[in-house]
Amino acid sequence: MEVFLLEIYQHFRKEEQPFIDQVLSWREDVALKYQRKRSDFLNPREQMIFKAVMGNEADLIYGLEGGADYSERKRAIIAPDYEVIEKEDYQLTLLEATYPEKFVTLEHRDVLGAFMSLGVRREKMGDLVVQDGVIQLTAASEISDYIKMNLTGIKKSNVEFVEIPWEKLMESKESWVAKETTVSSLRLDVMVKEIYGMSRKKASMFIEGGRVKVNFRTVENPAFSLEKGDLISLRGKGRSRLDEINGQTRKEKYKVMTAKLN
C-alpha cells in the first residue's frame, strides 16, 4: 500500500493528498464491508483523481453520474463487482424555477450565492444552468426538499423550485472554445495571460488580488503550476480549462490545448 500511495501521490499535488486518502478510504471500506459508497459531487479534477486511484481494482466497480454525459460535476459510486450500478442509485434530483427575465437579470453566480447562503456545502449541488428565464440545478436528493423549502428568493426575484423529470434537462447554451497554442511555462500567470489575452503583469495582479481560482479554490501564487484537467476561473472574465499538455517544442515551449467558456 505504501508503494502504491507514493506512486499515486507523485502524480498529484500535495494539497490533493487528503482527497486521495479519502478515495482510498472509500475503496477499502467497500472492499471490507461489501457495502457500496456514494460520494458528494466531484469537480472534474477530483473525478480525474478518483479514476486514477480506483485504477483496475479487480473486486470493485465504480461509476460517475451528474445527470448527463456532458455534466461537469458528478457523484461517484464504488460497489462490489457483483452489483449493478443504476442511474437512480446516484440519488440525483433535477430542480427547476422560473424568474421574470424582463425585470430581473440573474446569473450563475447569483444563484450559487443564494444556494451557499442556505448553509449547504457546494458539494451537494451539481451543475447549474441559468438561461431564458429558467434556473435548473442538479442536487443531491437528500437535500432537495430543503432547497425547495428555503431557496425562495434570489436577488429581488421570488422563485419556487420544483422537481422535474430528467427528460427536461437543459443543456447550457454556453460553449467551450478550444485553442491550441504554445506557452513558455505552465505557471498560472503565464496561462492566465495566454487564455484571457492580457499582460503577464496584469495576470499576476489578478492572481495576487484573489480573483483567480483553480479547481474552485482561490490561488494567489502566480508561480502556481497548472496540470492537465485544471479548471481556471477569473472573476469577471469567465472560466477556462487546461485540457491537454502535448509535450514540448524544440525551443522547450509547452504545446497545450486550452478551452474557454464562451
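No hydrogens, no waters, no symmetry mates; every other heavy atom, side chains included, goes into these values. Only a predicted model underlies this, so the values are computations on that prediction, with no experimental measurement involved.
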- Query: Between Ser71 and Gly66, is there a donor-acceptor pair closer than 3.5 Å when you use the side chain of the first and the backbone of the second?
  - Reply: yes
- Query: Going by atom types alone, do Tyr9 and Asp21 pair a side-chain donor with an acceptor below 3.5 Å?
  - Reply: yes
- Can you name the residues that form a side-chain contact (heavy atoms from CB on, under 4.5 Å) with Lys193, not counting sequence neighbours? Arg200, Ala203
- Message: Please check: side-chain N/O of Arg187 versus main-chain N/O of Phe224, any donor-acceptor pairing under 3.5 Å?
- Response: no
- Message: side chain to side chain contact (heavy atoms under 4.5 Å, CB included), that's the test. Do Met191 and Thr258 meet it? Break it down for me.
- Response: CA-CA 9 Å; Met191 295 302 299; Thr258 63; 3.7 Å; yes
- Item | Within-4.5 Å side-chain heavy-atom neighbours: Glu15 and Arg217 | yes
- Message: Can you confirm whether the side chains of Thr249 and Thr182 place a donor and an acceptor under 3.5 Å from each other?
- Response: no
- Here the pair of heavy atoms bringing Gly153 nearest to Ala114 is O-CB, 4.2 Å
- Quick one: are Glu180 and Lys255 in side-chain contact, heavy atoms under 4.5 Å? no
- Measure from NZ or CZ of Arg122 to the centre of the six-membered ring of Phe41, then state whether that distance is under 6.0 Å and the direction lies within 45° of the axis. no
- Item | Within 6.0 angstrom of Tyr34 OH, more than 12 heavy atoms from elsewhere | no
- Note on the structure: Between the CZ atom in Phe206 and the CG atom in Leu188, the distance rounded to the nearest 0.5 Å is 12.5 Å
- Shortest non-hydrogen contact from Trp176 toward Glu72: CZ2-OE1, 4.0 Å
- Query: Sequence neighbours excluded, which residues qualify as side-chain hydrogen bond (donor to acceptor under 3.5 Å, both in side chains) partners of Asp145?
  - Reply: Lys148
- Ion pair present between Arg239 and Glu174, side-chain N to carboxylate O less than 4.0 angstrom? no
- Message: Checking Arg27 against Leu60 for the side chain to side chain contact (heavy atoms under 4.5 Å, CB included) test, could you report, in this order, the C-alpha distance in whole Å, the side-chain angles of both residues, the deciding distance, and whether it holds?
- Response: CA-CA 8 Å; Arg27 197 175 79 168; Leu60 301 174; 3.3 Å; yes
- Heavy-atom pair with the smallest gap, counting every atom of Glu194 and Lys179: OE2-NZ, 3.1 Å
- Does atom CD of Glu160 have more than 12 heavy-atom neighbours from other groups under 6.0 Å away? no
- At what distance, to the nearest 0.5 angstrom, does CD1 of Ile49 lie from CG of Asn215? 8.0 Å
- Task: Quick one: do Ile135 and Val129 satisfy side chain to side chain contact (heavy atoms under 4.5 Å, CB included)? Show the steps, please.
- Result: CA-CA 6 Å; Ile135 304 165; Val129 177; over 6 Å; no
- Note on the structure: Closest non-hydrogen contact found for Ile232 with Tyr196 is O-OH, 3.8 Å
- Message: For Gln91, I'd like to know if atom CD has over 12 heavy atoms of other residues, nucleotides or ligands within 6.0 Å.
- Response: yes
- Message: If we ignore hydrogens and angles and just use 3.5 Å, is the side chain of Glu46 paired with the main-chain N or O of Asn43 as donor and acceptor?
- Response: yes
- So does Asp89 pair up with Arg38, basic N to acidic O under 4.0 Å? no
- Item | 4.5 Å side-chain heavy-atom contact, Met54 and Leu24 | no
- Message: I'd like to know if the side chain of Arg45 reaches the main chain of Met48, judged simply by a donor and an acceptor atom lying under 3.5 Å from each other, with no hydrogens or angles considered.
- Response: no
- Query: Take atom CG in Asp69; do more than 12 heavy atoms of anything else shown fall under 6.0 Å from it?
  - Reply: no
- Query: Should Leu94 and Val159 be regarded as members of a common hydrophobic cluster, given that ILVMFWY residues are connected when their side-chain heavy atoms come within less than 4.5 Å of each other, either directly or indirectly?
  - Reply: no
- Separation between CG of Asp40 and CZ of Arg75, rounded to the nearest 0.5 Å: 5.5 Å
- Note on the structure: Quick note, ring pair (Phe, Tyr, Trp, His ring centres under 6.0 Å) partners involving residues 72-127, not counting sequence neighbours, are none
- Item | Under 3.5 Å side-chain donor-acceptor pair for Glu163 and Ser144 | no
- Query: Does CZ in Arg109 sit with more than 12 non-hydrogen atoms of other residues, nucleotides or ligands closer than 6.0 Å?
  - Reply: no
- Message: When you compare the side chain of Trp166 with that of Leu92, does any pair of heavy atoms fall below 4.5 Å?
- Response: yes
- Is it true that a side-chain atom of Arg211 and a backbone atom of Ser233 form a donor plus acceptor pair closer than 3.5 Å? no
- What's the shortest heavy-atom distance between Trp26 and Ser39, and which atoms? CH2-CB, 3.6 Å
- Query: When clusters are formed by joining ILVMFWY residues with side-chain heavy atoms under 4.5 Å apart, either directly or through shared neighbours, do Met257 and Ile195 land in the same one?
  - Reply: no
- Message: For the CD atom on Glu252, are there more than 12 heavy atoms of other groups (residues, nucleotides or ligands in this structure) within a distance under 6.0 Å?
- Response: no
- Item | Same apolar cluster: Leu231 and Leu261, side chain cutoff 4.5 Å | yes
- Query: Looking at Asp243 and Lys228, does any basic side-chain N land under 4.0 Å from a carboxylate oxygen?
  - Reply: no
- Query: Taking the side chain as C-beta and beyond, is there a heavy-atom pair between Pro165 and Glu167 under 4.5 Å?
  - Reply: yes
- Query: Should we count NZ of Lys260 as having more than 12 external heavy atoms under 6.0 Å?
  - Reply: yes
- Query: Per the side chain to side chain contact (heavy atoms under 4.5 Å, CB included) rule, which among Val214, Thr218, Asp189 passes with Ile207?
  - Reply: Asp189
- Are Val111 and Ile154 close enough that some pair of their side-chain heavy atoms sits under 4.5 Å apart? yes
- Note on the structure: side chain to side chain contact (heavy atoms under 4.5 Å, CB included) with Ile61: of Ile85, Val84, Ile78, only one passes, and it is Ile85
- Message: Do Met116 and Ile143 land in one hydrophobic cluster if side-chain heavy atoms of ILVMFWY residues count as linked below 4.5 Å?
- Response: yes
- Message: When you measure from the side chain of Asn150 to the backbone of Ile147, do you find a donor-acceptor pair of N or O atoms at a distance under 3.5 Å?
- Response: no
- Query: Does Gln136 use its side chain to pair, donor to acceptor, with the backbone of Lys168 at less than 3.5 Å?
  - Reply: yes
- Query: Is it the case that more than 12 heavy atoms not belonging to Lys155 sit under 6.0 Å from its NZ atom?
  - Reply: yes
- From NZ (Lys74) to CG (Leu42), nearest 0.5 Å: 10.5 Å
- Smallest separation among heavy atoms of Leu64 and Ala76, with atom names: CD2-CB, 3.6 Å
- Task: Would you please indicate if the ring centroids of Phe12 and Phe19 are separated by under 6.0 Å?
- Result: no
- Query: Are the side chain of Glu208 and the backbone of Met205 linked by a donor-acceptor contact shorter than 3.5 Å?
  - Reply: no
- Item | Same apolar cluster (I L V M F W Y, side chains within < 4.5 Å links), Leu226/Met198 | yes
- Task: Calculate, to the nearest 0.5 Å, the distance between atoms NZ and OH belonging to Lys124 and Tyr146 respectively.
- Result: 13.5 Å
- Message: To the closest 0.5 Å, what do you measure between NZ (Lys87) and CD1 (Ile77)?
- Response: 12.5 Å
- Task: Could you walk me through whether Leu186 and Val256 pass side chain to side chain contact (heavy atoms under 4.5 Å, CB included), step by step?
- Result: CA-CA 9 Å; Leu186 297 174; Val256 298; 4.0 Å; yes
